[in-house]
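Both ligands and their constituent atoms are indexed starting at 1 by order of listing. The chain is numbered in sequence order, starting from 1.
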Amino acid sequence: MCGIVAYVGPKDAAPILLEGLQRLEYRGYDSAGVVVSNKGLKVRKVKGRVADLAAAVPARFKGATGIGHTRWATHGVPSDENAHPHLSNDERIAVVHNGIIENADELRAKLEADGAVFLSETDTEVLAHLIARTTKEADSLEEAVRTALKRVVGTYGIAVIDAERPGEVVVARNGSPIVLGIGEKEMFAASDVAALVRYTRQVVHLEDGELAVLKADGFHTFASDARETAKEPLTVDWDTGHYDTGGYEHYLLKEISEQPDTVARTLRGRLDERFNVAHLGGLNMDAREVRSFRRVKIIGCGSAYYSGQIGAQLIEELARIPAGAEPASEFRYRNPVVEPDTLYVAISQSGETYDTLAAVQELKRKGGRVLGIVNTVGSAIARECDGGVYLHAGPEVSVASTKAFTSTAVAFALLALHMGRVRDLSPADGRRICEGLRRLPDQIKEILALEPQIKELAAKYAASPSMMFVGRVRGYPVAREGAQKLKEVSYVHAEAYPASELKHGPLALIGPEMPTVAIVPDDELLDKNLTTLGEIQARGGKVIMIGHRTADPKLANECIVVPKNEVELDPILLGIPLQLFAYHAAVALERDVDKPRNLAKSVTVE
Ligand code: F6R
């Protein structure tokens, strides 16, 4: 959510900042701006996309130190004035900021009383005026920033430059990611490695409370009490190819289509054919500990939460441990009872979602044992957890999550297999699940080959004012995620219900105007599901069935037939046609597929 880029070195900063912002645009895209330092600060900022900003930056916009920002509005509407960077009144200090300053109103009133003139409605501008005031008495920009931040309550990732100290950028982090990139006689910083991989693979993640000073010849990091901290650079293995559409029209389609490979990567090296077990080296738990858990509690937000519901079902079925999922955003606020014999699992693609991070921190404060199922290596949530499973799905650029959702479900199948085999899952069932998991990449390829049929269906139903998604037990989280994808990218209203709940209320909505997408796997609940389809059709409702039965017009108006796996693993496959359905509905409705309105990737604010 919002993107930050900073550069200091021998080159012109503006092209580097603009390129970085383009790669971060998926995190926020309602306005953008850059500032460079060259005998004073030069600023350009505009409402709109990074391309609009690039068009507004003149050819002669020279300066070898600079910071840039792409915004997702929280305080104040998207506008030129509210776009970052924000400057102090003497135009000496410039700041870009991700996060929320909670005491902004109070600080603003004090600063106004002290003569500051505010030009925007943002909380960020408070920082520019505060730092300008502390700068006067400080020996360094670093000290000025640290002193100013002591007065701030809230979350931030910031980058700051001072016109009177060219060749220096100060960045700081509290709840909103900042990563440094180490170049050859140049330094970079960004809110996301995506902006850095074109220039360097050597990165350093700041911890909450840390501040860093960047100069062309290197960097220093400091804790909040000004003690210098020692940081080991990490090498990131993501390359720029991950951030290109690779010939696809949209990242969303590219990421859906990558799933045979990304699922294979999630599985790679983790299935043991000899003992039919899963090896998950990062769990940091021995067999005795695994046996000691009496409950599993899974937390995540949005699609991550729905994948957690699939995970809970897998753990209950394969490991026979009571398991449940809950939105992390709710969990963190309800003073949860944290039990020593419960295993907590936090899910996040970005590893930066603030609600999930805060829930993990609350769990840790109360002594909970937390595993992370995370895509982004070295991210805040991954670092906060006691152990976990990386998805290895590669960066997800489209705002709507697809490949990370599927890989999370696969990671849960591995975790459930691991826990099950340590407990009561038989070797024969272990083998059945191992073989099923191995079949997934090829079966996903078969589903992707159904794209022309799904595209046609999506175009046919995209104009529906609303759609119902239903599924039973294993199929219910699949239905929820299907509805979520459709809403997000096509803006078609969609509701998801357990199929069993339809007759307890929502059946009243069913009619010719409200088509239903039904998840109907060939499992022990098939007959119950078919009865539900009959009830829908009896009310004139159209049914699009996603399942294993060959097309039968008596059962449903439309059928998408997916390959069958083991019953426990079928939900992983049943979700994929729904991703394609949402994508093609959005294209048919000419939506901004990769950057849906009002949304942003990585929600790093409350
Ligand atoms: C939906 C979507 C969001 C995220 C949610 C959590 O397509 O992308 O619902 O799943 O914001 O994000 P992560 O997984 O990064 O914690």
Side-chain angles (χ1 to χ4, degrees), residues 1-2 26-28 72 98 175-177 191-194 250-253 255-256 262 298-311 325-332 345-361 370 372-385 388-391 393-409 411-412 477-478 480-491 494 496 575-576 578-583 585-586 591-606:
M1 170 166 290
C2 299
Y26 69 105
R27 296 179 74 108
W72 188 85
N98 290 351
S176 203
S191 49
D192 186 324
V193 284
H250 298 102
Y251 283 108
L252 187 57
L253 185 57
E255 288 163 6
I256 293 171
T262 51
I298 300 164
I299 54 170
C301 293
S303 294
Y305 157 56
Y306 300 141
S307 66
Q309 286 197 306
I310 295 181
E326 183 177 339
S329 48
E330 288 284 292
F331 181 82
R332 60 177 286 221
V345 185
I347 308 163
S348 181
Q349 185 287 125
S350 61
E352 304 290 354
T353 299
Y354 190 74
D355 281 323
T356 310
L357 179 61
V360 171
Q361 288 166 338
V370 195
I373 295 189
V374 174
N375 195 31
T376 307
V377 175
S379 55
I381 293 170
R383 293 201 305 276
E384 198 74 43
C385 290
V389 184
Y390 278 124
L391 300 180
E396 204 178 56
V397 175
S398 190
V399 164
S401 185
T402 51
K403 61 177 180 172
F405 175 87
T406 305
S407 277
T408 304
F412 267 115
V478 178
R480 295 189 84 181
E481 173 59 7
Q484 156 106 331
K485 278 292 85 79
L486 185 69
K487 277 187 275 214
E488 276 182 293
V489 296
S490 75
Y491 319 151
I576 291 170
L578 302 182
Q579 299 172 345
L580 285 169
F581 185 83
Y583 170 74
R591 304 301 190 214
D592 193 348
V593 175
D594 286 327
K595 299 186 182 87
R597 68 182 180 203
N598 308 338
L599 299 180
K601 197 86 179 157
S602 303
V603 185
T604 54
V605 293
E606 297 208 28

Decide yes or no for [X] and [Y]: does some side-chain heavy atom of the first lie under 4.5 Å from some side-chain heavy atom of the second?
X: I347; Y: T356; answer: no
X: E488; Y: L599; answer: yes
X: T262; Y: T406; answer: no
X: F412; Y: I310; answer: no

Winner among G300, C301, S348 once heavy atoms are compared against atom 4 (C) of ligand 1: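 The option holding the nearest heavy atom is C301.
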
Proximity winner for atom 8 (O) of ligand 1, if only heavy atoms of V399, D355, L252 are counted: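 When every heavy atom of V399, D355, L252 is considered, V399 comes closest to atom 8 (O) of ligand 1.
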
Out of all atoms in ligand 1, which are within 4.0 Å of some heavy atom of [X]? Include the element for each.
X: K485; result: 1 (C), 7 (O)
X: Q484; result: 1 (C), 9 (O)
X: G302; result: 9 (O)
X: S401; result: 1 (C), 7 (O), 8 (O)
X: S350; result: 13 (P), 15 (O), 16 (O)
X: A304; result: 10 (O), 14 (O)
X: E488; result: 1 (C), 2 (C), 7 (O)

Side-chain (E255) to main-chain (S398) donor-acceptor, under 3.5 angstrom: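 At least one qualifying donor-acceptor pair exists.
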
R591 side chain to S490 backbone, donor-acceptor under 3.5 Å: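 Side chain of R591 to backbone of S490: a pair is present.
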
Non-hydrogen atom of E396 closer than 4.0 Å to ligand 1: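 Distance cut 4.0 Å: E396 fails for ligand 1.
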
Any E352 heavy atom less than 4.0 Å from ligand 1: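 Outside the 4.0 Å threshold, so no.
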
Qualifying residues under side chain to side chain donor-acceptor pair (under 3.5 Å), relative to S303, sequence neighbours excluded: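 By the side chain to side chain donor-acceptor pair (under 3.5 Å) rule, S303 matches E481, Q484, K485.
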
Test ring-ring contact (aromatic ring centres under 6.0 Å, His included) applied to Y583 - qualifying residues, sequence neighbours left out: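 With neighbours one apart ignored, the set is H250.
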
Geometric N/O contact Q349 with ligand 1, under 3.5 angstrom: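 N/O-N/O distance below 3.5 Å exists for this pair.
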
